[in-house]
Amino acid sequence: MFKIIEKEHFSENVVKLVVEAPLIARSRKPGHFVIVRACEGGERIPLTIADADPEKGTITLVVQQIGVSTHKICALEPGECLADVVGPLGKATHIEKVGTVVCCGGGVGVAPLLPIIKAMKQAGNRVVTVLAARTKELIILEEQVAPWSDEVIIMTDDGSYGNKGLVTEGVESVINREKVDLVVTIGPAVMMKFVSLLTEKYGIPTMCSLNTIMVDGTGMCGACRVSVDGKTKFVCIDGPEFDAHKVNFDEMIMRLKAYN
Amino acid sequence: MSAEKSERDASWRAELRGAMNAKERAAIPRVKMPELDPAYRVTCNEEVNQGISAEQAVLEATRCMDCPDPQCVNGCPVHIDIPGFIKNIQRGDFSEAAATLRLSSALPAVCGRVCPQEKQCESRCIYHKMKKEPVAIGYLERFAADTDRMFGKNKVERPHSNGIKVAVAGSGPAGLSFAGDMARRGFDVTVFEALHEIGGVLKYGIPEFRLPNEIVDAEIAALEALGVKFVKDCIIGKTIPVEEMSADGFKGLFVASGAGLPRFMGIPGENLIGIMSSNEYLTRVNLMGAGKKGFDTPVAHGKIAAIIGGGNTAMDSVRTARRMGAERAIVVYRRSEDEMPARVEEIKHAKQEGVEFMTLHNPVEYLGDERGHVRAMLVQRMELGEPDESGRRSPVPVEGAIEEIPVDMVIVSVGVSPNPLIPESVPGLKVSRRGTIEVNDSTMESSVDGLYAGGDIVRGGATVILAMGDGKRAAAAMADALLAQ
């Protein structure tokens, strides 16, 4: 059993959980995810690891309540346990010094972006972080990304905080003023699709991290398959990160609705 | 001891042989396995084969000629002493029969249910030469194992520990077989399983109506009684890096991580909603309890389901689809029924349950509706040409013979590739072009010292019994190597 050590509400529907998982805390790297089952009879769902403390033996997960399983997970209190946490899964993010990296995240996508921002900064890159959400209270982890970012740009749809506009507008403003060598985007599939279309126009290499439906998360079921460069790939084994310009986002968005 | 008591020249066996002549034995008809009625069984998940009674078992055992050179044993991948256990059944010593099975097989109750006996032991039976049906070895194996489980006294004695720690990655048939053999030799065995249930393919793959979970759980409990430890939610190579295993005190590692990646055909429309691998479908239903009360995992309930492929997994999927409410469940297979790799019994059961067989057909494209759900498949008619490298006549498309068939669920069951997680995480491990771990055939040791492997991660997709045989050989070789140190 995997005990919850700490819980914090980022907003009404977004919860941060610090979970006891010493082996995973020790072996995980930026980009990795875990499969979580809240309780007996529960679904297995993928959640990207936002942070880890190998000494305390904990990992941090940021969960948005959107369905049955995330609801159950978010309802757990410190002292209670998740039935299963297995990982770290997926391929770790390829980190290197490329120059200027724009890291843009939307909604809970900022959580898996955090360890990448950190690692990109530590590798010697100039990091510009763009955080986007519908409204002010949905902007998360601003304080945590700030120390690892040369600049943080906030975008809200309603203009209640930072700049009014979409994430793509924030990214484009950076592209227009300076040379950008890499864009990393994590968030809702639609958001990643439009970031990808934008950076393709400017010819800037772009990496995205996909969150698809999974069952086992170890390559066995193929529920997570996506088309990348016209070929079927498994997000759990081949990903979760891919060259955004090669991902068929429309197919991915369609497949996410399989059980709606 | 058991082996001696059951040897062919034991006086009781000689007596049984002398009690009846071959003609009388051959006059006894082969036992029929009692089965649930097809109309009832498609409404539930109950085991189809009900098992034979003690009287039936003794009579069937009487049919066995106790041949001086029993070929059935050579047909068995783990060389079970088949006449030995059968003659024990005939004399009514069912627990000795089970003990004889245990000498060679870690999971007799499983093998008695899922082995393709008609291609193995039973295919070599002397009765074939008399143009008669072979002795029902599989039914007898199941009978002995079940009877022992239900009525036998628990005689498991924990062997004296030699204190040497070994690890197993994967708790399917290869891993369980290895674990049992090593524990009996006194090793301190820990089995690591990636999923939240122990049993591997026996749990997530083979359905309840063919292999009830309680049978698998009983085998696991027997291993626990031997001292085997099980750790769930732990992936060797990921949760614990392989190079850390020795720091944790493990002197050997047996990798039995199974056949991971499902294969798809790469045809247009294959990623439409409602099209999935048999692994996904069976895992949702068997492991995750989809469709049952109290379980959150969803699953598609197709009204017209097409299952692509002709193996046992295809039969398990199509019969599951019938039980999950499919009005039409169609097996689409590119060769003819003669070439189907599935067990004869599974094909028979599927037909009894109303499954349609569309042989000599191959899907070439799937069509979707405006929401991206599959609504039809285009199938190409095939004919058989010359034999290919598998020795089976190869299917050749009949030009222009393409037909559109409405479907709302498709289960692709055309094979699997080895799970890449471990091969990718061990530096220096020799892996074939297909992604299987390369091993020495007799010792199952890989190119990495102390790392052994077996089952589908080596074979790329085989049977429960072959996987078990690998576990056995690896255990013998690893034990010898470690004890010699």
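We name chains A, B, ... by the order of the sequence lines, and we start the count at 1 in each one.
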## Note on the structure
Between the CG atom in B/L272 and the CD atom in A/E251, the distance rounded to the nearest 0.5 Å is 8.0 Å
### Query
What's the verdict on side chain to side chain donor-acceptor pair (under 3.5 Å) for A/D216 and B/T283, showing C-alpha distance, side-chain angles and the deciding distance?
CA-CA 8 Å; A/D216 64 290; B/T283 300; 6.0 Å; no
### Task
Locate the shortest heavy-atom distance separating B/T239 from A/S27; write the atom from each residue and the value.
O-OG, 3.2 Å
### Task
Indicate yes or no for a side-chain donor-acceptor contact from B/K238 to the backbone of A/I24 under 3.5 Å, with no hydrogens or angles considered.
no
### Query
What part of A/I237 is in contact with chain B, defined as an atom under 4.5 angstrom from a non-hydrogen atom: side chain, backbone, both or neither?
side chain
### Query
Measuring heavy-atom distances to chain A, does B/N419 have an atom under 4.5 Å in its side chain, in its backbone, in both, or in neither?
side chain
### Summary
Distance col, row B/N271:CG vs A/M252:CE, nearest 0.5 angstrom, shows 12.5 Å
#### Entry: Electrostatic pair A/R225:B/E270 at N-O distance under 4.0 angstrom
no
#### Entry: B/K165 atom NZ, over 12 foreign heavy atoms within 6.0 Å
yes
### Query
Between B/S277, B/S417, B/G372, B/P298, which residue shows the highest count of heavy-atom pairs closer than 4.5 Å to chain A?
B/P298
#### Entry: A/K7 atom NZ, neighbour heavy-atom count above 12 within 6.0 Å
yes
### Message
I need the A/M254 CE to B/I273 CD1 distance, nearest 0.5 Å.
### Response
5.0 Å
### Query
Are A/V215 and B/N279 side-chain neighbours, meaning at least one heavy-atom pair lies under 4.5 Å?
no
#### Entry: A/K246, NZ: over 12 other non-hydrogen atoms inside 6.0 angstrom
no
### Task
State, yes or no, whether a side-chain contact exists between B/L195 and A/R44 at a heavy-atom distance under 4.5 Å.
yes
### Task
Identify which part of B/L282 has an atom lying under 4.5 Å from any heavy atom of chain A, answering side chain, backbone, both or neither.
neither
## Note on the structure
Under 4.5 Å to a heavy atom of chain B? For A/A83 that would be backbone
### Query
So, for A/F2 and B/D233, which heavy atoms are closest and what is the spacing to 0.1 Å?
CE1-OD2, 3.8 Å
### Query
Taking everything shown except B/H301 itself, do over 12 heavy atoms lie less than 6.0 Å from its NE2?
yes
### Summary
chain A shares the most heavy-atom pairs under 4.5 Å, among B/K232, B/H373, B/M276, B/M288, with B/M288
### Summary
Among A/V226, A/T218, A/V85, A/T232, the residue with the most heavy-atom pairs under 4.5 Å to chain B is A/T218
### Message
For B/K303, I'd like to know if atom NZ has over 12 heavy atoms of other residues, nucleotides or ligands within 6.0 Å.
### Response
yes
### From SG (A/C236) to CG (B/L421), nearest 0.5 Å
8.0 Å
### Message
Between B/Y204 and chain A, with a heavy-atom cut-off of 4.5 Å, which part of the residue counts as in contact: side chain, backbone, both or neither?
### Response
side chain
### Message
For B/P262, which atoms come within 4.5 Å of any heavy atom of chain A: side chain, backbone, both, or neither?
### Response
both
### Query
Looking at A/R28, A/R37, A/K231, which one has more heavy-atom pairs under 4.5 Å with chain B than the rest?
A/R37
### Query
Which atoms of A/I213 come close to chain B, meaning under 4.5 Å heavy atom to heavy atom: side chain ones, backbone ones, both, or neither?
side chain
### Task
Please indicate whether B/E214 has more than 12 foreign heavy atoms, meaning atoms of other residues, nucleotides or ligands, lying under 6.0 Å from its CD.
no
### Message
Looking at A/E77, I want to see if its CD is surrounded by more than 12 non-hydrogen atoms of other residues, nucleotides or ligands under 6.0 Å.
### Response
yes
